[in-house]
K.L.:
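Following this message is one structure expressed as structure tokens.
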Amino acid sequence: MGAAPSRLDYLLAAVIAASVSTAPIFVLLSGVPGPAAATWRLAISTAILAAYGAASGSLSRPGARDLALMALAGALLAAHFDAWMTSLYLIPAGVSTAIVDSYPAVLVVVGRLAMGERYGPAKVAGAALAVAAAALLSVDPGPRHLEGAALALAGMASMAGYVSLGRLLRRRVNLATYATTVYSVAALVSLLVSLASGCPLYGYPPTSWAYLVALAVVPMIGGHTVMNYLLGRRDLLASATPVVAEPAGASVLAALVLGQRLGAFEAALVGLAVAGVAAAVAAQ
């Protein structure tokens, strides 16, 4: 058992939850294809963090093993963004985020098998519920839905790997060094994916660039980077807890801003996925 969370931990969790909920909306409002949106999101946030690290003198030179692991984490982060952001154009934002944000349930397995953490039956039951709800959300006769759900599932799996490596690395690598290195590798990988898939990187209207900057600042700095900070303070599941709010927040924002409304069955499954992850990360 780790130390009890402080008021700062609760505040940071609220910042993460609010920040990441905006990501699907900014992606869709930008109109930029997934890999290209990921490239700019990562490149802009890397520039911001590198400038901060240089100004504060907090950048350090990690060892070769940590650099290799951070490169792997960056590749997984790129895979997460490229797949998930593409899925947003195929299935409703609330469904996509509910599937991709079921990854804390996977962390129950990772924590148990790879990190020696022990979980009671409530955590296991919550994880099973989240996975079952995400699986049901993936089932739809429409081919575009199946494609979108498959991409969201791929984004979920890569996110679980990224967060697990982050927990390992943040024990010995400071936040500025870790985030700048991982995000820069992820930006390069997404750039290569964009070029290989023919996604245009330029030629977008000013409003698209505004949303890409917002994507880099709000969900990337306020969401992912703050989560990476928590990974250095809290255990694996506690650091992942704030994303539980994203499917609900994204669903509300998508309805208000984009006019996307879930059916009763989909809304119920999103609720079950959120409840399952909440139980998995909160139970003793």
K.L.:
Please test T46 against S184 for side-chain hydrogen bond (donor to acceptor under 3.5 Å, both in side chains), starting from the C-alpha separation and ending with a verdict.
P.N.:
CA-CA 6 Å; T46 298; S184 62; 5.4 Å; no
K.L.:
If you compare all heavy atoms of D82 against all heavy atoms of A38, which two are closest, and at what distance to 0.1 Å?
P.N.:
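That closest heavy-atom pairing would be OD1-CB, 3.3 Å.
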K.L.:
Do any N or O atoms from the side chain of S158 and from the backbone of A154 form a donor-acceptor pair under 3.5 angstrom?
P.N.:
yes
K.L.:
Any side-chain heavy-atom pair from Y183 and H224 closer than 4.5 angstrom?
P.N.:
yes
K.L.:
Does some side-chain heavy atom of P24 sit less than 4.5 Å from a side-chain heavy atom of W84?
P.N.:
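In short, these two side chains touch, coming nearer than 4.5 Å.
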K.L.:
Less than 4.5 Å apart, any side-chain heavy atom of I99 and any of L153?
P.N.:
yes
K.L.:
Side-chain heavy atoms nearer than 4.5 Å, only ILVMFWY residues, links allowed to pass through others: does that put L175 and L12 together?
P.N.:
yes
K.L.:
Testing the 3.5 Å rule here: is there a donor-acceptor pair between the side chains of S194 and T39?
P.N.:
yes
K.L.:
List the steps, then state whether side chain to side chain contact (heavy atoms under 4.5 Å, CB included) holds for Q260 with L28.
P.N.:
CA-CA 11 Å; Q260 289 186 0; L28 293 171; 3.9 Å; yes
K.L.:
Side-chain contact test, heavy atoms from C-beta onward, threshold under 4.5 Å: evaluate it for V218 versus V20 and give yes or no.
P.N.:
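No, too far: nothing below the 4.5 Å cut-off.
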K.L.:
Please give me the minimum heavy-atom distance between R172 and D66, naming the atom from each residue.
P.N.:
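So the minimum-distance heavy-atom pair works out to NE-OD1, 2.8 Å.
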K.L.:
Could you tell me the separation between the CG atom of L49 and the CG atom of L59, rounded to the nearest 0.5 Å?
P.N.:
9.5 Å
K.L.:
Can you confirm whether the side chains of T225 and N228 place a donor and an acceptor under 3.5 Å from each other?
P.N.:
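N228 and T225 do not have a side-chain donor-acceptor pair below 3.5 Å.
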K.L.:
Taking T177 for its side chain and N174 for its backbone only, find out whether a donor-acceptor pair lies under 3.5 Å.
P.N.:
no
K.L.:
When rounded to the nearest 0.5 angstrom, what is the spacing between CG in L191 and SG in C199?
P.N.:
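If I round to the nearest 0.5 Å, the distance is 11.0 Å.
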K.L.:
Check the orientation of W209 and Y204. Use parallel for under 30°, tilted for 30 to 60°, and perpendicular for over 60°.
P.N.:
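It falls in the perpendicular class, over 60°.
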K.L.:
Nearest 0.5 Å, please: how far is CG in L90 from CD in E147?
P.N.:
5.0 Å
K.L.:
Just by modelled atom types, is the S19 backbone N or O under 3.5 Å from a matching donor or acceptor in the T22 side chain?
P.N.:
yes
K.L.:
Examine V100 and V189 and state if one hydrophobic cluster contains both, with Ile, Leu, Val, Met, Phe, Trp and Tyr joined whenever side-chain heavy atoms are less than 4.5 Å apart.
P.N.:
no
K.L.:
Mind checking whether P35 and T86 have side chains closer than 4.5 Å, heavy atoms only?
P.N.:
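Answer yes - side chains close enough.
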K.L.:
Answer with yes or no after comparing the ring centroid distance for W40 and Y211 against a 6.0 Å cut-off, counting only values under it.
P.N.:
no
K.L.:
Side-chain heavy atoms nearer than 4.5 Å, only ILVMFWY residues, links allowed to pass through others: does that put L76 and V193 together?
P.N.:
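The answer is no; the residues belong to distinct hydrophobic clusters.
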K.L.:
For the atom pair CG (L188) and CG (L42), what is the distance rounded to the nearest 0.5 Å?
P.N.:
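L188 CG to L42 CG: 10.5 Å, rounded to 0.5 Å.
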K.L.:
Using the rule that Ile, Leu, Val, Met, Phe, Trp and Tyr join whenever any side-chain heavy atoms are under 4.5 Å apart, tell me whether I221 and F26 fall into a single cluster.
P.N.:
yes
K.L.:
Measure the OH-OG distance between Y178 and S60 for me, rounded to the nearest 0.5 Å.
P.N.:
13.5 Å
K.L.:
Testing the basics here: between G31 and Y89, what is the closest heavy-atom pair and its distance to 0.1 Å?
P.N.:
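Where G31 meets Y89 most closely, the heavy atoms are C-OH, 3.3 Å.
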K.L.:
Would you say R170 and Y229 make side-chain contact, with heavy atoms under 4.5 Å?
P.N.:
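When only atoms from C-beta onward are counted, Y229 and R170 do touch, with a gap below 4.5 Å.
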K.L.:
Could you tell me which non-hydrogen atom of S58 sits nearest to which non-hydrogen atom of A176, and how far apart they are?
P.N.:
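Answer, listing the atom of S58 first, then A176: OG-CB, 3.3 Å.
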K.L.:
Less than 4.5 Å apart, any side-chain heavy atom of M220 and any of F81?
P.N.:
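With C-beta onward as the side chain, the pair touches.
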K.L.:
Any side-chain heavy-atom pair from R171 and L231 closer than 4.5 angstrom?
P.N.:
no
K.L.:
How long is the span from the CE atom in M85 to the CZ atom in R41, to the nearest 0.5 Å?
P.N.:
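It is 4.0 Å, given to the nearest 0.5 Å.
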K.L.:
Indicate the atoms forming the closest heavy-atom contact of A73 with Y162, along with that distance.
P.N.:
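Reported closest heavy-atom pair: O-CD1, 3.6 Å.
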K.L.:
Check M70 against P62 and note the closest heavy-atom contact, atom names and distance.
P.N.:
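So the minimum-distance heavy-atom pair works out to CE-CG, 3.3 Å.
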K.L.:
Checking S208 against S30: is there a side-chain donor and acceptor pair closer than 3.5 Å?
P.N.:
no
K.L.:
Determine whether V182 and Y52 fall in the same hydrophobic cluster, where Ile, Leu, Val, Met, Phe, Trp and Tyr are linked whenever their side-chain heavy atoms lie under 4.5 Å apart.
P.N.:
no
